[in-house]
Amino acid sequence: MNDFSNIVWRESDVEQSARWHSEKNIPPPKRIQVIDDTITADDAYHLACEGTGLLWRGDFQNARQLLNAIAKRIDKKNAKKPAIAVTSRETFNLYRQAQSQRARTLDKLLIPFETDHRIPLRRAPDVHSACMQVYGENHEPYVISLRELLGLIGAHEWRKKGVDITVLNGKIHPHYGVFAPIRQEYLQLLAETPLPSTITEDFTAFDIGTGTGVIAALLARRKIQHIIATDQDSRSVDCARQNISRLGFQKQVQITQCDLFPKQQQADLIVCNPPWLPARPSSPLEHAIYDLDNRMLSGFLDNVSNYLKPKGEAWLIMSDFAEQLGLRTQDQLVKMIKDAGLNIVEKRDIKPSHPRSSDTSDPLYAARKSEVVSLWRFNLETKN
Ligand SMILES: C[S@@+](CC[C@H](N)C(=O)[O-])C[C@H]1O[C@@H](n2cnc3c(N)ncnc32)[C@H](O)[C@@H]1O
């Protein structure tokens with residue numbers, strides 16, 4: 001296990017310590033109180049709000065209930081504030097601040113682990129495989145937040161079960177921390193857009209920022225024989241490799257860990273689905289959702305012409321959600337495309353149909369209801 005520091009507390013008048021781990025890179029709480037089933041939800045809520053870490057020694061299932069009770073108290077308090085429709089940079093920043101404050105409070109409920117990922121609490125589940133998948137071998141006692149553990153358990157179940165991808169006629173198994181293709185409308189766009197007419201035996205495609213490997217798999221399903229999929233994140237690379245072999249496309253798809261493009265190669269088709277929101281990720285787990293200062297988007301647009309064969313095409317998947325939230329305008333996006341010397345061939349649009357797009361209680365509903373996801377086709381031809 002990596003990135004651990006120590007967490008120290010007093011219990012029965014003796015100083016104790018264990019390793020601390022947080023996938024979100026949160027430092028350990030400075031004050032720790034050992035608690036069990038006798039604490040009231042109100043007391044736990046107040047301690048967590050003050051920043052005290054609550055190290056749980058009671059029944060594991062009661063800890064889950066306590067977490068829900070604390071969440072209810074936070075949400076009740078927030079419900080008293082006037083509701084804001086998130087439609088501008090300012091309101092989006094306020095929304096994110098409130099979300100991260102909520103997460104910080106909930107992350108104060110802590111669970112102890114013994115060696116070998118065993119939880120020494122009554123009615124604790126066996127989470128050995130879920131923890132092994134994310135943390136690897138461990139030989140020391142450690143402490144994590146209950147929320148992190150619940151995230152690991154959920155991801156483990158999802159990885160086992162997989163997500164049905166209609167246009168792939170198969171399943172993708174997302175790993176912990178890897179962007180999961182839950183919203184499938186962009187995959188529909190990718191499945192329906194005609195491949196460039198230059199398609200031949202040695203037609204080559206790149207999938208830049210492959211995540212689970214879903215786009216590479218779809219290109220392979222569309223009979224492209226040479227695909228190079230890249231990602232800079234090692235979990236994504238492992239996940240994509242497993243999905244590609246499970247689907248039987250390992251002869252067609254090669255997966256490489258690198259920043260954006262595979263070096264010294266060119267392709268007939270280059271596809272990229274970068275993170276859609278230009279904002280600072282609040283933890284390493286958000287690198288696939290937030291793209292600070294459009295780093296990946298502009299890195300892709302500014303350099304893609306160096307990697308495209310003369311008659312090749314680049315396909316960019318981009319939602320206008322950032323535009324609906326006032327984080328970017330379409331004119332700015334078009335300017336980035338033009339400044340990169342790319343010629344827009346076509347923009348194909350689709351309306352999202354995932355459940356959150358019709359959830360009127362979501363503070364982002366106003367932005368979500370108008371959202372359009374697009375596949376932009378570019379080539380290197382001159383504009384005249
Ligand atoms: C929005 S996710 C898309 C994942 C996948 N292509 C899909 O459509 O489901 C963006 C992906 O780009 C990867 N990424 C971000 N910056 C990158 C970079 N500079 N080079 C390569 N991959 C990058 C992230 O790790 C993430 O897997």
Side-chain angles (χ1 to χ4, degrees), residues 23 155 158-159 162-168 170-191 193 205-222 224 227-244 247 249 253-263 265 267 269-281 283-304 306-307 314-322 350 352 354 371 373-376:
E23 285 292 318
W158 223 13
R159 176 168 168 172
V163 180
D164 283 310
I165 306 290
T166 318
V167 291
L168 201 55
K171 280 189 178 211
I172 285 288
H173 297 257
H175 290 191
Y176 180 81
V178 176
F179 183 87
I182 322 270
R183 297 176 48 159
Q184 297 196 13
E185 67 277 343
Y186 69 94
L187 298 173
Q188 200 182 321
L189 280 177
L190 280 163
T193 303
F206 294 164
D207 169 20
I208 306 300
T210 194
T212 56
V214 65
I215 293 179
L218 181 55
L219 296 174
R221 177 70 83 224
R222 294 194 68 183
I224 296 178
I227 299 156
I228 303 179
T230 72
D231 207 294
Q232 63 178 7
D233 169 55
S234 56
R235 278 188 180 145
S236 298
V237 167
D238 289 347
C239 175
R241 286 208 174 109
Q242 288 188 21
N243 280 310
I244 292 297
L247 290 161
F249 293 133
V253 183
Q254 179 197 326
I255 295 153
T256 306
Q257 184 169 2
C258 66
D259 185 6
L260 295 170
F261 301 94
K263 300 291 165 254
Q265 305 204 46
L269 174 64
I270 305 186
V271 182
C272 181
N273 176 20
W276 291 344
L277 295 176
R280 183 182 295 281
S283 81
L285 296 176
E286 291 187 344
H287 278 292
I289 301 167
Y290 295 106
D291 187 23
L292 181 62
D293 298 331
N294 293 308
R295 186 190 168 275
M296 186 177 181
L297 175 63
S298 50
F300 175 76
L301 292 173
D302 292 347
N303 296 293
V304 70
N306 299 326
Y307 295 88
W315 291 0
L316 172 73
I317 303 288
M318 185 49 68
S319 145
D320 70 353
F321 196 40
I350 194 165
H354 58 96
E371 183 187 1
V373 176
S374 307
L375 184 154
W376 298 74

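All ligand and atom numbering here is 1-based and tracks the order in the structure. Keep in mind that this is a model prediction, so the values were computed, not measured.
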Please examine the side chains of [Y] and [X], heavy atoms only from C-beta on, and report whether any two atoms are closer than 4.5 Å.
| X | Y | value |
| --- | --- | --- |
| Cys272 | Ile215 | no |
| Tyr176 | Trp158 | no |
| Val167 | Leu218 | yes |
| His287 | Gln232 | no |

Could you list the atoms of ligand 1 found under 4.0 angstrom from a heavy atom of [X]?
| X | result |
| --- | --- |
| Asp233 | 25 (O) |
| Cys258 | 20 (N), 21 (C) |
| Gly211 | 4 (C), 27 (O) |
| Arg295 | 19 (N) |
| Val214 | 7 (C), 9 (O) |

Query raised in the report: Is atom CZ of Arg183 surrounded by more than 12 heavy atoms (other residues, nucleotides or ligands) closer than 6.0 Å?
Result: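 Yes, CZ of Arg183 has more than 12 neighbouring heavy atoms, counting only those of other groups under 6.0 Å.
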
Query raised in the report: Does a sphere of radius 6.0 Å around CG in Asp293 hold more than 12 heavy atoms from other residues, nucleotides or ligands, not counting ones at 6.0 Å or beyond?
Result: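 Counting other residues, nucleotides and ligands, CG of Asp293 stays at 12 neighbours or fewer.
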
Looking only at protein heavy atoms, identify the closest one to [atom] and say how far it is in Å.
| atom | result |
| --- | --- |
| atom 23 (C) of ligand 1 | Met296 CE, 3.6 Å |
| atom 19 (N) of ligand 1 | Asp259 OD1, 2.7 Å |
| atom 10 (C) of ligand 1 | Asn273 O, 3.5 Å |
| atom 5 (C) of ligand 1 | Thr210 O, 3.3 Å |
| atom 22 (N) of ligand 1 | Gln232 N, 3.3 Å |
| atom 20 (N) of ligand 1 | Leu260 N, 2.7 Å |
| atom 11 (C) of ligand 1 | Gly209 O, 3.5 Å |
| atom 25 (O) of ligand 1 | Asp231 OD1, 2.7 Å |

Query raised in the report: So among Ile244, Val237, Asn243, which one has a side chain to side chain contact (heavy atoms under 4.5 Å, CB included) with Arg241?
Result: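 Among the candidates, only Val237 passes.
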
[X] heavy atom under 4.0 Å from ligand 1:
| X | value |
| --- | --- |
| Ile215 | yes |
| Ala180 | no |
| Tyr186 | yes |
| Ser236 | yes |

Query raised in the report: Can an N or O of Thr212 be found at a distance shorter than 3.5 Å from an N or O of ligand 1?
Result: no

